[in-house]
Amino acid sequence: MTALEAVARTLRGLPRGVVSLIYPPTCAGCGGATADPGALCPACWSSLRLIEEPVCQRYGTPFAVDLGVGPLLSPRAIAEPPVFERARSVALYDAVARRLVHRLKYEDRLDLARVMARMMAASGRTLIADADCVVPVPLHRGRLWRRRFNQSALLARVIARSAGLPFVATALVRVRATRSQVGLSRAARAENLSGAFRVATAEQHRIRGRRILLVDDVMTTGATGNAAARALLRGGARSVDLLTFALVGDAAG
Ligand SMILES: O=P(O)(O)OC[C@H]1O[C@H](OP(=O)(O)OP(=O)(O)O)[C@H](O)[C@@H]1O
Ligand SMILES: NC(=O)CC[C@H](N)C(=O)O
């Protein structure tokens, strides 16, 4: 057991009140004081722009007005249908959502995965109900080595566990070391991700005939979701839905 594991085990053994005295609970969004560990403070909670129905049935983008007719498709979903069946996200990628995503991904705040995944499980309940297994968008092994963790896998694992679904972490592989999508145009994002994923032959049996719930932290243009869904469908998946924590409104974000 490492020193860190020993500390973690000791803390787990202590009553919650004692742990809170040593580590007072802080807001997952701004770091300010909160009542509950892993929760958002009232200010961050109210600024999070949660996505609610009515949404585009394919992309999960919110509509400004409820037209009272369903199922609804956005003009983009008609002009440019995605490879995945349906995408859903918890919140628009505004200041609070961005902070959560960046803290998890770039500041090693792995503890945030649990609270973010819980919100994803709620927003994605329809997708989860139709899924046979949960697959994270993989990182290329080089980036995984540098980052030391895959933020999407952390989210996917919690979602899978809470739903009682198999967590299939290694069947989808990123075979090309793509540059980050950040700062790329819509067309460049699709180009960057084209052919980046493949289903590992040895694990094809875990994908074949299955309804896959693909999990990522953010969807911007859907290029990553499309490329991953295409690989999964080629690998024999029956269908692919995409669940992300945040949805970016503009493609250059
Ligand atoms: O919908 P899209 O336009 O494809 O954009 C979303 C993708 O971009 C980000 O990844 P990034 O390329 O920054 O890689 P990283 O997660 O490894 O940092 C994000 O994590 C998604 O995977
Ligand atoms: N790659 C992405 O789409 C992430 C969202 C955003 N552009 C950022 O800089 O954080």
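In listed order, ligands and their atoms are each counted from 1. The chain is numbered in sequence order, starting from 1.
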Quiz prompt | Element-labelled atoms of ligand 1 that are located less than 4.0 Å from some non-hydrogen atom of V182 | solution = 13 (O)

Practice problem: Quick one: pull up CZ in R161 and CZ in R114 and give me the separation to the nearest 0.5 Å. | Solution: 9.0 Å

Quiz item: Is there any N or O on R179 that sits under 3.5 Å from an N or O of ligand 1?
Solution: no

Self-check item: Atom pair CZ/CG of F149 and D108 - distance to nearest 0.5 Å
Solution: 4.5 Å

Exercise. Answer side chain, backbone, both or neither: which part of T224 comes under 4.0 Å from ligand 1, heavy atoms only.
Key: both

Self-check item: Ionic contact status for D130 with R86, cut-off 4.0 Å
Solution: yes

Quiz prompt | Interfacing atoms of ligand 1 (cut-off 4.0 Å, heavy-atom, R189) | solution = 2 (P), 3 (O), 5 (O)

Quiz item: Which atoms of ligand 1 sit under 4.0 Å from any heavy atom of A223?
Solution: 1 (O), 2 (P), 4 (O)

Quiz item: Can you tell which part of R143 has a heavy atom less than 4.0 Å from ligand 1: side chain, backbone, both or neither?
Solution: side chain

Quiz item: Can you list the ligand 1 atoms lying under 4.0 Å from a non-hydrogen atom of L139?
Solution: 17 (O)

Quiz item: Does a side-chain N-to-carboxylate-O contact under 4.0 Å join R88 and D241?
Solution: no

Self-check item: V218 near ligand 1 by a heavy-atom separation under 4.0 Å
Solution: yes

Quiz prompt | Where ligand 1 meets G222 - atom numbers and elements under 4.0 angstrom, heavy-atom basis | solution = 1 (O), 2 (P), 3 (O)

Quiz prompt | Ring-face cation contact, F197 with R230, 6.0 Å cut, 45° max | solution = no

Quiz item: Taking the side chain as C-beta and beyond, is there a heavy-atom pair between L155 and L104 under 4.5 Å?
Solution: yes

Quiz item: Heavy-atom contact under 4.0 Å between K105 and ligand 1?
Solution: yes

Quiz item: With a 3.5 Å cut-off and no angle check, do the side chains of T220 and Q181 form a donor-acceptor pair?
Solution: no

Self-check item: Element-labelled atoms of ligand 1 that are located less than 4.0 Å from some non-hydrogen atom of Q151
Solution: 16 (O)

Practice problem: Report yes if the side chains of P138 and V173 come closer than 4.5 Å at any heavy-atom pair, otherwise no. | Solution: no

Quiz item: Between L214 and F84, is any pair of side-chain heavy atoms under 4.5 Å apart?
Solution: no

Quiz item: Any idea which atoms of ligand 1 are less than 4.0 Å away from a heavy-atom of R147?
Solution: 15 (P), 16 (O), 17 (O), 18 (O)

Quiz prompt | Polar contact flag for D216 and ligand 1 (N/O pairs, less than 3.5 Å) | solution = yes

